[in-house]
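Every heavy atom of this structure was used, including side-chain atoms; hydrogens, water molecules and symmetry mates were not.
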Amino acid sequence: MSRKSGSRSSSKRSKKSGGGSNVFDMFTQRQVAEFKEGFQLMDRDKDGIIGKTDLRATFDEIGRIATDQELDEMLADAPAPINFTMLLNMFAERQTGESDDDDVVAKAFLAFSDAEGLIDCDVFRHALMTWGDKYSAQEADDALDSMDVDDNGKIEVQSIIQMLTAGGGDDAPAAEDTA
């Protein structure tokens with residue numbers, strides 16, 4: 001029985017300390033390298049922790065104004081300061097299946113939208129080709145071809161959310177057919 005409890009406490013210790021090396025086993029070396037590159041881009045003050053000023057600068061770079069409340073909510077998602085290992089743990093926790101929850105998809109696209117609910121096509125194309133699983137130019141063009149782009153090069157965020165999710169997310173307009 002002491003063996004069992006010893007095993008349990010070391011398991012708890014791993015979870016509290018950020019998961020140890022096992023989180024690195026969940027991703028390929030290439031994925032870890034991409035996460036590291038993204039982390040380094042976001043860690044503007046190079047202190048090894050992504051904080052509020054780092055997040056604000058990242059949002060500013062993509063042309064999106066984030067409120068203090070939004071930034072605080074993002075940081076509150078992490079149980080501890082966001083160092084690289086914590087960031088990997090956060091990604092690992094969310095990687096539970098083949099697809100994301102609809103609200104996660106909606107929030108991801110809403111992060112690119114402006115106050116009018118529009119996404120700048122050029123900014124979005126750049127993001128697709130720069131971060132995460134990087135799209136090739138052709139893949140980015142193919143993705144954008146499946147979206148309705150207006151004459152000003154803007155995409156209505158709600159149309160994308162409705163296209164990709166079952167219900168269109170929390171902010172989706174109500175269906176007009178009430179019969």
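- In terms of heavy-atom proximity, A111 sits nearest to I62 at O-CD1, 4.3 Å.
- M147 places a side-chain heavy atom less than 4.5 Å from the side chain of F124.
- Atom CG in L128 sits 6.5 Å away from atom CG in L144 (nearest 0.5 Å).
- A pairwise comparison of heavy atoms in M86 and P79 identifies SD-CD, 3.7 Å as the closest pair.
- Considering CD1 of I160 and OG of S146, their distance stands at 8.5 Å, rounded to 0.5 Å.
- For the pair D54 (side chain) and D45 (backbone), a donor-acceptor distance under 3.5 Å is present.
- Contact annotation: the side chain of F24 never approaches that of Q31 to less than 4.5 Å [non-hydrogen atoms, C-beta and beyond].
- No continuous path of ILVMFWY side-chain contacts below 4.5 Å connects L118 to M163, so the two sit in separate hydrophobic clusters.
- Transitive grouping of hydrophobic side chains (ILVMFWY, heavy atoms separated by less than 4.5 Å) brings L71 and L87 into a common cluster.
- Taking 4.0 Å as the cut-off between side-chain N and carboxylate O, K154 and D120 count as a salt-bridged pair.
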Report the C-alpha separation of T53 and R44 in whole Å, then their side-chain angles, then the decisive distance to 0.1 Å, and conclude whether the side-chain contact (heavy atoms from CB on, under 4.5 Å) test is met. CA-CA 8 Å; T53 56; R44 300 307 177 105; over 6 Å; no
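- The nearest pair of heavy atoms linking L88 to F27 is O-CE1, 3.8 Å.
- Taking CZ from R56 and CE from M74, the interatomic distance works out to 10.0 Å, rounded to the nearest 0.5 Å.
- Heavy-atom minimum distance, Y135 versus A143: CE2-CB, 4.2 Å.
- The two atoms that bring K134 and E139 nearest to each other are O-OE1, 4.1 Å, heavy atoms only.
- Using a 4.5 Å heavy-atom threshold, the side chains of D114 and R64 count as separate.
- At least one side-chain heavy atom of Q158 sits under 4.5 Å from a side-chain heavy atom of I161.
- The closest donor-acceptor contact from the side chain of N83 to the backbone of G48 lies at 3.5 Å or more, if one exists at all.
- Annotation: D142, atom CG; neighbour count of heavy atoms from other residues, nucleotides and ligands within 6.0 Å is above 12.
- M26 and M90 fall within a single hydrophobic cluster, where Ile, Leu, Val, Met, Phe, Trp and Tyr side chains are chained together by heavy-atom contacts under 4.5 Å.
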side-chain contact (heavy atoms from CB on, under 4.5 Å) for R125 and D141? Distances and angles first, verdict last. CA-CA 8 Å; R125 184 178 190 277; D141 290 341; 2.8 Å; yes
Let's go through L75 and K52 carefully: what are the C-alpha distance in whole Å and the side-chain angles of both, what is the deciding distance for side-chain contact (heavy atoms from CB on, under 4.5 Å) to 0.1 Å, and is it a yes or a no? CA-CA 7 Å; L75 292 171; K52 193 172 187 175; 3.8 Å; yes
Go through the steps for F112 and I155 under the test side-chain contact (heavy atoms from CB on, under 4.5 Å), then give the verdict. CA-CA 10 Å; F112 285 95; I155 306 162; over 6 Å; no
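- Between K107 and E73, none of the side-chain N atoms (NZ, or NE/NH1/NH2) sits under 4.0 Å from a carboxylate O, so this pair counts as no salt bridge.
- The hydrophobic cluster containing W131 does not contain V123, counting ILVMFWY residues as joined when their side-chain heavy atoms lie under 4.5 angstrom apart, directly or transitively.
- In this structure, the side chains of F84 and V32 come closer than 4.5 Å at one or more pairs of heavy atoms.
- The shortest side-chain heavy-atom distance between I50 and L55 falls under the 4.5 Å cut-off.
- Taken together through direct or relayed side-chain contacts under 4.5 Å among Ile, Leu, Val, Met, Phe, Trp and Tyr, V157 and V149 form part of one hydrophobic cluster.
- T130 and H126 get closest at one heavy-atom pair: OG1-O, 2.6 Å.
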